[in-house]
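Counting begins at 1 with the first residue of the sequence.
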Amino acid sequence: MERFRIAGEARLDGAVEVAGAKNSVLKLMAAALLAEGTTTLRQVPGILDVTFMAQLLDTLGCSVKVDPDGQLATIAVPATVKHQCDYDLVRKLRASISVLGPLLARCGQAEVALPGGDNIGSRGLNMHVAGLESMGAKVHIEHGFVIAEAPQGLHGAEVWLDFPSVGATETIMMAAVLAKGTTIIENAAREPEIQDIAKMLVEMGAQIDGAGSPRIEITGVDGLLNPVDHTVVPDRIVSGSWAFAAAITKGDITIANGHAEHLELPLDKLHRAGAEITVLNPGFRVRMHDRPKPVDVVTLPYPGFATDLQAFVIALNALSDGAAMVTENLFEGRFTFAQELTRLGAQIQTDGHHAVVRGVPRLSGAPVVASDIRAGAALVLAGLAAEGETLVSAAHHVHRGYTDFAGNLRRLGADVVVEPDDAELYWN
């Protein structure tokens, strides 16, 4: 196990390059199963989750090579693909469920262990299952595995999602590209990552209309899709993390290839907090000179304020000149982060879906534990703004979502190192 050791009272200044989106590349790797041959992905982030997904695809008979330095992944998919996924790999990676749709569409069956991942609350598969069943699949859970079968193939259907679930939208969309007839997903997720996946599927020969809107229409094609060479969309959550890093440390950071249009609401909140936002071509710049003003935030599906940025706005409000309320509507476990932030001196009261944050002039360094990817990154940033030294244990969470996080912080002027950690208690 590893931890971050952070020297406080840092000001971040400089530029960062953002790699491809974690929430896109893992699904694109799974989508490669729909084509025999070698698919190439570019701008691939050097994160642990990519390694885990590569290992999972290898167990299915693929040959995956990842070049972190070149931000490149090649996925050679054989003529015959296995349909059973290894439990030990799946339990490490929530996104492993994304192979369910492609395997079912290609093999007519799939067995995927119930996935693991971040400790941020319940994220059921009911909508995935209901969507696949409406397309003719038989799905049940047995011995910890999701087992799906469609021996006669899948057929088109009209699928209504109770909630614009990203995972369910992806699963149904990837299954539908080889189904007979037309599938319509109503109340579909609209995230840029959904648009990126649809873009690659279309490049592979799929017929998809409406990605990025609440209504996606997929017309199935005969046979397999074709392998392609695709560049992953930049990671808007990592871009947003660096934007908040500038504000939290009263710094000046240029996110060289970030897409400001994917972060309209978070950047507006930063502007209201007092940050200067400059949109570049490409990228954007965030500068903060004074103590932030408090900003109320409600997390919602895209284009609302992303739940993945909730920890960062709480950290910002913890240092603000006033009080603010943050409402979490998606994952109840996210406020675990707030409990850890109070160890640094933050004044936070949580009640159900709400957290009231009263800003303090300064935080003070202390040992804390990361409970998920974003909580870990936000605790590191809070440590940079604190007096003294902060230790953030369970650094592996951050490694799952950020390429060379400590290295980028050092290049921006921070004193941050990753070191072995022999502490005995961690979040799962």
Under 4.5 Å between any side-chain heavy atoms of [X] and [Y], yes or no?
X      : Y      : answer
Val298 : Leu300 : yes
Val398 : Ile373 : no
Asn408 : Trp242 : yes
Val64  : Thr74  : no
Leu412 : Val16  : yes

Closest approach of [X] and [Y], non-hydrogen atoms and distance?
X      : Y      : answer
Ser165 : Ala168 : OG-N, 3.0 Å
Ala54  : Val66  : CB-CG2, 4.1 Å
Met204 : Ala35  : CE-CB, 3.6 Å
Ala10  : Thr249 : O-CB, 3.5 Å
Val232 : Gly20  : CG1-CA, 3.8 Å
Arg291 : Leu319 : NE-O, 3.0 Å

About how many Å separate [atom2] of [Y] and [atom1] of [X], when rounded to the nearest 0.5 Å?
X      : Y      : atom1 : atom2 : result
Asp421 : Met1   : CG    : CE    : 7.5 Å
Thr403 : Glu17  : OG1   : CD    : 11.5 Å
His397 : Glu2   : NE2   : CD    : 13.0 Å
Leu132 : Thr171 : CG    : OG1   : 6.5 Å
Ile6   : Glu389 : CD1   : CD    : 8.5 Å
Leu56  : Cys85  : CG    : SG    : 4.5 Å

Residues which pass ring-ring contact (aromatic ring centres under 6.0 Å, His included) with [X], listed by chain and number, not counting sequence neighbours:
X      : result
His259 : His262
Phe4   : His399
Tyr402 : Phe405

Query raised in the report: Heavy-atom count around Glu186 CD within 6.0 Å, excluding the residue itself: above 12?
Result: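 Counting neighbours around CD of Glu186, more than 12 heavy atoms of other residues, nucleotides or ligands fall under 6.0 Å, so yes.
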Which residues share a side-chain contact (heavy atoms from CB on, under 4.5 Å) with [X], sequence neighbours left out:
X      : result
Ala338 : Ile348, Thr350
Glu133 : Val129, Val139
Ser320 : Pro292, Pro294, Asn317
Arg285 : Asp252, Thr254, Thr278, Leu280, Arg287

Does any N or O in the side chain of [X] come within less than 3.5 Å of the main-chain N or O of [Y], such that one atom is a donor and the other an acceptor?
X      : Y      : answer
Asn257 : Val18  : yes
Thr183 : Ala176 : no
Arg343 : Val368 : no
Ser24  : Ala21  : no
Asp321 : Lys293 : no
Asn187 : Leu161 : yes

Report task. Hey, could you give me each pair passing salt bridge (charged side-chain N to carboxylate O under 4.0 Å, His left out) that has a residue in residues 188-197? Not counting sequence neighbours. Result ->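 For residues 188-197: Glu193-Arg236.
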Query raised in the report: What pairs of residues pass the salt bridge (charged side-chain N to carboxylate O under 4.0 Å, His left out) test when at least one of them lies in residues 63-76, not counting sequence neighbours?
Result: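 Pairs touching residues 63-76 that pass the test: none.
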Query - Working for side-chain contact (heavy atoms from CB on, under 4.5 Å), residues Ile141 and Phe145 - result: CA-CA 5 Å; Ile141 296 175; Phe145 278 79; over 6 Å; no
Query raised in the report: Have His230 and Glu203 got a donor and an acceptor in their side chains that come within less than 3.5 Å?
Result: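 Present: a donor and an acceptor within the cut-off.
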Looking at [X] and [Y], does any basic side-chain N land under 4.0 Å from a carboxylate oxygen?
X      : Y      : value
Arg42  : Asp229 : yes
Arg410 : Asp415 : no
Arg400 : Asp49  : yes

Report task. Begin from the C-alpha positions of Ile197 and Met173 and carry the test side-chain contact (heavy atoms from CB on, under 4.5 Å) through to its verdict. Result -> CA-CA 9 Å; Ile197 296 163; Met173 184 168 63; 3.9 Å; yes
Query raised in the report: Which pairs with one or both residues in residues 289-330 pass ring-ring contact (aromatic ring centres under 6.0 Å, His included), sequence neighbours excluded?
Result: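 Every pair satisfying ring-ring contact (aromatic ring centres under 6.0 Å, His included) with a residue in residues 289-330: there are none.
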Query raised in the report: Out of Val369, Leu341, Leu391, which one pairs with Leu379 under the side-chain contact (heavy atoms from CB on, under 4.5 Å) rule?
Result: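 It is Leu341, the one option of Val369, Leu341, Leu391 that forms the side-chain contact (heavy atoms from CB on, under 4.5 Å) with Leu379.
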Query raised in the report: Checking side-chain contact (heavy atoms from CB on, under 4.5 Å) for the pair Val44/Leu72: CA distance, chi angles, key distance, verdict?
Result: CA-CA 6 Å; Val44 172; Leu72 191 72; 5.9 Å; no
**Report entry** Counterpart residues, salt bridge (charged side-chain N to carboxylate O under 4.0 Å, His left out), relative to Glu419 (two or more places apart)
**Finding:**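 Partners of Glu419 under the salt bridge (charged side-chain N to carboxylate O under 4.0 Å, His left out) test: Arg3, Arg5.
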Query - Residues that Gln195 engages under side chain to side chain donor-acceptor pair (under 3.5 Å), provided they are two or more places apart - result: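 Testing Gln195 for side chain to side chain donor-acceptor pair (under 3.5 Å), a comparison that skips the adjacent residues, returns none.
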**Report entry** Criterion side-chain contact (heavy atoms from CB on, under 4.5 Å) on Glu276 and Val286, from CA distance to verdict
**Finding:** CA-CA 6 Å; Glu276 295 179 14; Val286 179; over 6 Å; no
Query - Option from Glu328, Gln310, His353 for which side chain to side chain donor-acceptor pair (under 3.5 Å) with Thr299 holds - result: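 The passing option is Glu328.
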